[in-house]
Amino acid sequence: MAQTEETTNIEELKKKIKRLNSKAGQMKMDLHDLAEGLPTDYENLMGVAEATYKIYCELNELKQQLKTME
């Protein structure tokens, strides 16, 4: 029973990583677009950069967790 539960947790974690990876990719493109348009909308730069940084930190954390579980 524990093996099945662990497999389910691994699969759920993989799904979460996949969704987060997609969102992180979009945020990276948004940050890139914002940077290309500088100095226009420069006041949004720190907020977008911080949000992008946080999502990549979370993604890295989840990947490390998955590596430990596998």
Side-chain angles (χ1 to χ4, degrees):
M1 188 67 130
Q3 182 69 25
T4 303
E5 186 175 311
E6 186 175 315
T7 302
T8 302
N9 289 339
I10 289 172
E11 292 305 315
E12 287 298 317
L13 190 55
K14 285 181 179 179
K15 287 178 187 177
K16 188 173 184 179
I17 289 170
K18 187 175 180 178
R19 286 191 302 269
L20 198 58
N21 202 31
S22 178
K23 186 175 180 181
Q26 181 60 51
M27 291 180 77
K28 178 176 72 170
M29 288 190 297
D30 291 348
L31 182 59
H32 178 266
D33 291 346
L34 181 62
E36 279 190 338
L38 289 173
T40 304
D41 292 331
Y42 72 90
E43 61 275 350
N44 297 326
L45 184 59
M46 292 304 290
V48 174
E50 183 178 1
T52 304
Y53 175 80
K54 285 180 180 179
I55 200 165
Y56 274 95
C57 286
E58 184 180 354
L59 187 56
N60 185 54
E61 213 174 275
L62 291 176
K63 286 180 177 180
Q64 291 300 320
Q65 191 177 21
L66 179 61
K67 189 175 180 181
T68 301
M69 292 173 77
E70 288 183 322

Salt bridge (Lys or Arg N to Asp or Glu O under 4.0 Å) filter on E43, not counting sequence neighbours, yields none
Rounded to the nearest 0.5 angstrom, the CD1-CG distance for I17 and L62 is 5.5 Å
So the salt bridge (charged side-chain N to carboxylate O under 4.0 Å, His left out) pairs with at least one residue in residues 17-39 (sequence neighbours excluded) are none
Output for pair (N21 CG, Y56 OH), nearest 0.5 Å, gives 7.0 Å
d(T68 OG1, I10 CD1) to nearest 0.5 Å is 10.5 Å
Contacts of L45 meeting side-chain contact (heavy atoms from CB on, under 4.5 Å) (sequence neighbours excluded), chain-then-number -> L31, L34, L38
ask   = Does the side-chain contact (heavy atoms from CB on, under 4.5 Å) test come out yes or no for E70 and K14, once each step is laid out?
value = CA-CA 11 Å; E70 288 183 322; K14 285 181 179 179; 3.2 Å; yes
task = Assess whether side-chain contact (heavy atoms from CB on, under 4.5 Å) is satisfied between V48 and T52, documenting all intermediate values.
result = CA-CA 6 Å; V48 174; T52 304; 4.1 Å; yes
Value for CG (L20) from CE (M27), rounded to nearest 0.5 Å, stands at 9.5 Å
Salt bridge (charged side-chain N to carboxylate O under 4.0 Å, His left out) pairs touching residues 49-62, sequence neighbours excluded, are E50-K54
By side-chain contact (heavy atoms from CB on, under 4.5 Å), M29 pairs with (sequence neighbours left out) Q26
For N60, the side-chain contact (heavy atoms from CB on, under 4.5 Å) test, sequence neighbours excluded, returns Q64
Rounded to the nearest 0.5 angstrom, the CE-CG distance for M69 and N9 is 5.0 Å
